[in-house]
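Step one of this worksheet: look at the structure below.
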There are 2 protein chains.
Amino acid sequence: MMTQINKHLKKEQKGEDRGCCGIPGIPGPRFLKAFSDSTRLRILAHLVEAKVPQMVSEIAKNFPIDVSVVSRHLAILRDEGILLAEKQGKEVYYSVRYEFLSSIFRGFASAIESRCPPKEKNG
Amino acid sequence: MMTQINKHLKKEQKGEDRGCCGIPGIPGPRFLKAFSDSTRLRILAHLVEAKVPQMVSEIAKNFPIDVSVVSRHLAILRDEGILLAEKQGKEVYYSVRYEFLSSIFRGFASAIESRCPPKEKNG
DNA sequence: TGTTTATTTGTGTCATCATGCAACTATTAT
DNA sequence: ATAATAGTTGCATGATGACACAAATAAACA
């Protein structure tokens, strides 16, 4: 039996963070902060390449830090909706929410691009 | 006369940060960290909406923090290639590098999306 | 020259964060 | 029930970061 334990839904709905800058499509700073740590980025990349849900202890084997730290990093990514966590017995399997992630960043790119003023002929 | 003062070129070429996770298309943590602060995000959004290069003191008027702090935030965004800085006399005009920004995030989205494993029929 | 204005940089402070270790919870097995 | 395993959380610490204020730099002007 699978149990989803994503509390990110609550936080997203609180809306204290998303859209803080007033431009739709630009994610909130807390979401983007989740990518600001090199260890967290590597953990994300590891899961992206794994293509399969991985448990915490397996992930932690790839990094020279304590399992508890990995667990915390995973929780941060999960809380922002970047990862999905599924508990199966003792283990918790983390996987990437590909569509969510790509849609957010594609929306970010579009938000910026759509506001690009037409180029003047200079130079 | 315009003088570009973007030192980000050096940092980008150092390569200590970009591609740190090994997956091409995923930006480095320092680049993403530039977006992790709410003030910095608002400054960026302000410039995006301005659509025209703005000088530091003009930008600072929109935020309840010291000009020096705004200057530092702008420098961080400039060093990551997010903003362009052009000195004109005493003033320094900052503007958004729209194409650069959107291409980075679109590339990020594509890097994630392209690694999304095919969906299984579950549930 | 000296003066004013725009921006950057030095410095100290307070808050946040990544980390390790220990304790705790939850689940499985004996 | 007891033990073992997986994961999370409490707590202390060192590093980093945002901020204010002051000093330094740079450019225009008297």
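The figures here come from the full heavy-atom set of this structure, side chains too, leaving out hydrogens, waters and symmetry mates. Reminder, nothing fancy here: chain letters follow the sequence lines and each chain counts from 1.
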Taking atom types as modelled, is there a side-chain donor on B:Ser38 or B:Arg42 under 3.5 Å from an acceptor on the other?
-> yes

Against the side chain of B:Lys87, the closest entry in D:dG7, D:dC19, D:dA27 is D:dA27

Of A:Arg72 and B:Lys90, the one whose closest nucleotide on DNA chain C sits nearer the 5' end is B:Lys90

Name the residue closer to the 5' end of DNA chain D, choosing between B:Val69 and A:Leu74 according to the nucleotide with the nearest heavy atom.
-> A:Leu74

Gap between atoms CD and P, on A:Glu91 and C:dT27 respectively (whole Å) = 12 Å

Taking atom P of D:dT9 as reference, at what distance in whole Å does atom NE2 of A:His73 sit?
-> 15 Å

Salt bridge (Lys or Arg N to Asp or Glu O under 4.0 Å) between A:Glu80 and A:Arg30, worked out | CA-CA 8 Å; A:Glu80 294 305 321; A:Arg30 194 170 44 219; 3.4 Å; yes

Which listed nucleotide (C:dT19, C:dA6, D:dA20) is nearest to the side chain of B:Ser57?
-> C:dA6

Taking CD from B:Gln88 and P from C:dT7, how many angstroms apart are they, rounded to a whole number?
-> 11 Å

Please figure out whether A:Ile65 or B:Val56 has its closest DNA chain C nucleotide nearer the 5' end.
-> B:Val56

Tell me: CE of B:Met55 to P of D:dA27, nearest whole Å?
-> 15 Å

What nucleotide among D:dA20, D:dT8, C:dA18 has an atom nearest to a side-chain atom of A:Arg78?
-> D:dT8

State whether the distance check finds a donor on one side and an acceptor on the other, under 3.5 Å, for side chain A:Ser68 versus base C:dC21.
-> yes

Check the distance between D:dT9's P and A:Ile76's CD1 and give it to me in whole angstrom.
-> 12 Å

Min side-chain heavy-atom separation A:Val48-A:Leu44 under 4.5 Å = yes

Would you call B:Val56 and B:Val67 a side-chain contact if the rule is heavy atoms closer than 4.5 Å?
-> yes

B:Asp37 side chain, from C-beta outward: closest of D:dC19, C:dT7, C:dT19 | D:dC19

For the residue pair A:Phe105 and B:Phe105, categorise the inter-ring angle as parallel (less than 30°), tilted (30 to 60°) or perpendicular (more than 60°).
-> parallel

Could you tell me the separation between the CG atom of A:Leu41 and the P atom of C:dC17, rounded to a whole number of Å?
-> 16 Å

